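Notes follow once the structure below has been shown.
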Amino acid sequence: MDRDELIFQEYKMYAEQKENFIDRNFRTNRFYMISFVAIIFAMIFTGNVVFMERLSATLLFSLIGIAVCILWWMNVDSYNTLIKIKFANVLEVLEEKLPVKPFTDEYKAIEEFRNKKIFMFSDIQKIIAVVGALFFFAVFVSELSPIVVRVFEKIVSLLGVVKGGI
């Protein structure tokens, strides 16, 4: 095998790895989207379930939802970074040794497209994750507020008993 053929085989293998990585990224995003929807349904169907006389299932599911949304955002960001830096740069370097540079041309076209301030799919995923986290946080606060008020009322009444007893 001559040098050009070896370079082409490495390029081909790396391009296939990039596609497999992108497929794994889509599967990961599908997992987070399904988890997001499942948590919302769980909150809806377990809205009246209460643990330990105070903690509701909705409160617990909202915490889980916040965590899932944060992890989702982090995964989208990590995959984008790895795809842009690791794979794009490596393939671009390999393409310098080839007569045609499809990934370099594709990357330049994507950058020109992004410079027009149009949302990419990953941007939409990040927005969904942030909006979801805000939604779950709002639910968490609304579920936690009555608990905090009850605890505060008990503290005030205990202070009144202690102060009145002195």
Side-chain angles (χ1 to χ4, degrees), residues 9-96 101-152:
Q9 290 301 324
E10 287 177 10
Y11 175 81
K12 185 175 156 185
M13 181 183 70
Y14 212 81
E16 288 171 3
Q17 286 179 348
K18 178 185 176 193
E19 292 305 314
N20 291 338
F21 189 78
I22 291 170
D23 289 341
R24 190 170 68 210
N25 180 19
F26 280 112
R27 286 191 307 271
T28 302
N29 284 320
R30 189 175 333 134
F31 164 78
Y32 282 110
M33 183 59 80
I34 290 169
S35 299
F36 178 83
V37 172
I39 291 167
I40 290 174
F41 278 120
M43 288 170 62
I44 291 169
F45 292 117
T46 63
N48 296 329
V49 176
V50 178
F51 304 102
M52 299 181 289
E53 299 180 27
R54 302 243 191 264
L55 299 177
S56 68
T58 305
L59 180 73
L60 296 175
F61 281 123
S62 64
L63 277 174
I64 293 168
I66 291 168
V68 165
C69 288
I70 290 170
L71 289 172
W72 187 11
W73 190 90
M74 290 171 58
N75 265 292
V76 169
D77 196 49
S78 295
Y79 273 107
N80 285 343
T81 300
L82 286 172
I83 289 169
K84 286 177 187 173
I85 294 172
K86 183 177 179 183
F87 290 109
N89 290 344
V90 171
L91 286 170
E92 286 176 8
V93 169
L94 284 172
E95 282 182 348
E96 293 298 323
K101 299 170 182 56
F103 282 104
T104 303
D105 295 340
E106 177 185 25
Y107 186 73
K108 286 178 185 174
I110 289 171
E111 284 302 307
E112 288 173 11
F113 185 74
R114 278 187 74 87
N115 289 337
K116 294 179 182 176
K117 302 293 182 198
I118 297 175
F119 282 114
M120 299 294 285
F121 184 63
S122 61
D123 298 328
I124 294 169
Q125 291 170 323
K126 284 183 175 182
I127 289 171
I128 292 170
V130 168
V131 169
L134 291 173
F135 166 75
F136 288 124
F137 182 74
V139 171
F140 175 76
V141 169
S142 72
E143 288 290 315
L144 190 61
S145 297
I147 295 171
V148 171
V149 168
R150 276 184 262 154
V151 168
F152 183 72

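Just so it is clear, the structure is predicted and the values come from calculations on it, not from any experiment.
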Which heavy atom of Ala133 sits nearest a heavy atom of Ile66, and at what distance? O-CG1, 3.9 Å
If you apply the rule side-chain contact (heavy atoms from CB on, under 4.5 Å), what do you find for Ile147 with Leu59, and how did you get there? CA-CA 11 Å; Ile147 295 171; Leu59 180 73; 4.2 Å; yes
Asp77 side-chain N/O to Trp73 backbone N/O, donor-acceptor pair under 3.5 Å: no
Just how far is it from atom CG of Asn29 to atom CD1 of Ile124, taken to the nearest 0.5 Å? 12.0 Å
Please find the pair of heavy atoms, one from Gly65 and one from Ile39, that lie closest to each other, and give the distance. CA-CD1, 3.8 Å
Heavy atoms only: give me the nearest Cys69-Gly132 pair and the separation to one decimal. SG-C, 3.6 Å
Spatial distance of atom CZ (Phe137) from atom CD1 (Ile70) [nearest 0.5 Å]: 10.5 Å
Sub-6.0 Å ring centroid separation between Phe41 and Phe61: no
Here the gap from Ile40 atom CD1 to Phe45 atom CZ, rounded to the nearest 0.5 Å, amounts to 12.0 Å
Let me confirm one number: the CZ-OH distance from Arg24 to Tyr79, rounded to the nearest 0.5 Å. 4.5 Å
Between Glu143 and Thr58, is a side-chain hydrogen bond (donor to acceptor under 3.5 Å, both in side chains) present by the stated rule, with each step listed? CA-CA 7 Å; Glu143 288 290 315; Thr58 305; 4.6 Å; no
Whether the side chain of Asn75 engages the backbone of Leu71 through a donor-acceptor N/O pair (distance < 3.5 Å, no angle test) should be reported. yes
Please work out whether the ring planes of Trp72 and Tyr32 are parallel, tilted or perpendicular, with thresholds of 30° and 60°. parallel
Working to the nearest 0.5 Å, report the span between CD of Gln125 and CZ of Phe26. 7.0 Å
Measuring from Ile22:CD1 to Arg27:CZ, what's the distance to the nearest 0.5 Å? 12.0 Å
